[in-house]
Amino acid sequence: QVQLVESGGGLVQAGGSLRLSCVVSGLTFSTHTMGWFRQAPGKEREFVATISWSGGTSYYGDSVKGRFTISRDNAKNSVYLQMNSLKPEDTAVYYCASAPWGGATSRLAAYDYWGQGTQVTVSS
């Protein structure tokens with residue numbers, strides 16, 4: 001079966017940094033688009049970042065541009081999200097997702113598999 005397992009979430013002060021990891025199994029990781037989304041209580045799921053199959057193309061949501069960086073290591077079946085200059089409004093559950101396409105995309109509907117999520121809380 002396909003599994004996506006996130007880790008690295010936690011509590012951090014505003015201005016701090018956190019690095020999320022997602023390890024994928026059960027699919028051909030190197031051909032899949034990967035993405036990060038987040039969801040805060042009472043809000044819709046929000047696009048954060050995406051990366052193409054080769055890692056050559058990345059897109060970011062406007063609210064995180066310049067602060068977050070997505071990367072992948074196909075040899076390790078892993079995708080990462082480096083989060084710097086964190087703000088309280090970044091507080092959410094962060095989800096790793098995969099899409100059977102290859103090209104970077106922010107479309108939520110493109111992603112077929114999702115992790116369980118990891119909580120990120122940024123205190124002011």
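Worth knowing before you read on, the calculation uses all heavy atoms, side chains too, and leaves out hydrogens, waters and symmetry mates. Everything quoted here is computed from the prediction, not taken from an experiment.
Applying the salt bridge (charged side-chain N to carboxylate O under 4.0 Å, His left out) rule to Arg19 yields no partners; only residues at least two apart in sequence or on another chain are considered. Legend: residues meeting salt bridge (charged side-chain N to carboxylate O under 4.0 Å, His left out) with Arg72, ordered by chain and number and at least two apart, are absent. By the salt bridge (charged side-chain N to carboxylate O under 4.0 Å, His left out) test, Glu89 is found to be paired with no residue, residues two or more places apart in sequence or in another chain being considered. Every residue two or more places apart in sequence or in another chain was checked for a salt bridge (charged side-chain N to carboxylate O under 4.0 Å, His left out) with Lys43, and none qualifies.
Taking CH2 of Trp114 as the start and CZ of Phe37 as the end, the distance is 4.5 Å to the nearest 0.5 Å. Separation of atoms CG (Leu11) and CD (Gln119) is listed at 9.5 Å; rounding is to 0.5 Å.
Between Gln82 and Ser17, the shortest heavy-atom distance links the atoms NE2-CB, 4.0 Å. Of all non-hydrogen atoms in Ala14 and Pro88, the two that sit nearest each other are CB-CD, 4.1 Å.
The backbone N or O of Val5 sits nowhere less than 3.5 Å from a side-chain atom of Gln116 that would complete a donor-acceptor pair. Listed for the Ser52 side chain is a donor-acceptor partner under 3.5 Å among the backbone atoms of Thr57. Side-chain N or O atoms of Gln13 include none that pairs as donor or acceptor with a backbone N or O of Ser123 at under 3.5 Å. In this structure, the side chain of Thr33 engages the main chain of Gly103 through a donor-acceptor pair within 3.5 Å.
In this structure, Val122 belongs to a hydrophobic cluster whose other members, linked by side-chain heavy atoms under 4.5 Å apart, are Val2, Leu4, Val12, Leu18, Leu20, Val24, Leu27, Phe29, Met34, Trp36, Val48, Ile51, Tyr60, Val64, Phe68, Ile70, Val79, Leu81, Met83, Leu86, Tyr94, Tyr113, Val120. Hydrophobic cluster of Trp53: no remaining members, since no ILVMFWY side chain lies below 4.5 Å from it. Hydrophobic cluster membership for Tyr80: none, as no Ile, Leu, Val, Met, Phe, Trp or Tyr side chain comes under 4.5 Å of it.
Within the structure, disulfide bond (SG atoms under 2.5 Å apart) pairs that include any residue of residues 32-75 do not occur (at least two apart or interchain). Counting only residues at least two apart or in different chains, disulfide bond (SG atoms under 2.5 Å apart) contacts with residues 1-83 comprise Cys22-Cys96. Each salt bridge (Lys or Arg N to Asp or Glu O under 4.0 Å) pair with one or both residues in residues 97-106, not counting sequence neighbours, would appear here, but there are none. Residue pairs meeting the salt bridge (Lys or Arg N to Asp or Glu O under 4.0 Å) criterion with at least one partner in residues 31-40, sequence neighbours excluded, are Arg38-Glu46, Arg38-Asp90. For residues 97-111, the side-chain hydrogen bond (donor to acceptor under 3.5 Å, both in side chains) pairs, not counting sequence neighbours, are Thr50-Tyr111.
In this structure the side chain of Glu6 never reaches within 4.5 angstrom of the side chain of Ser21, judged on heavy atoms.
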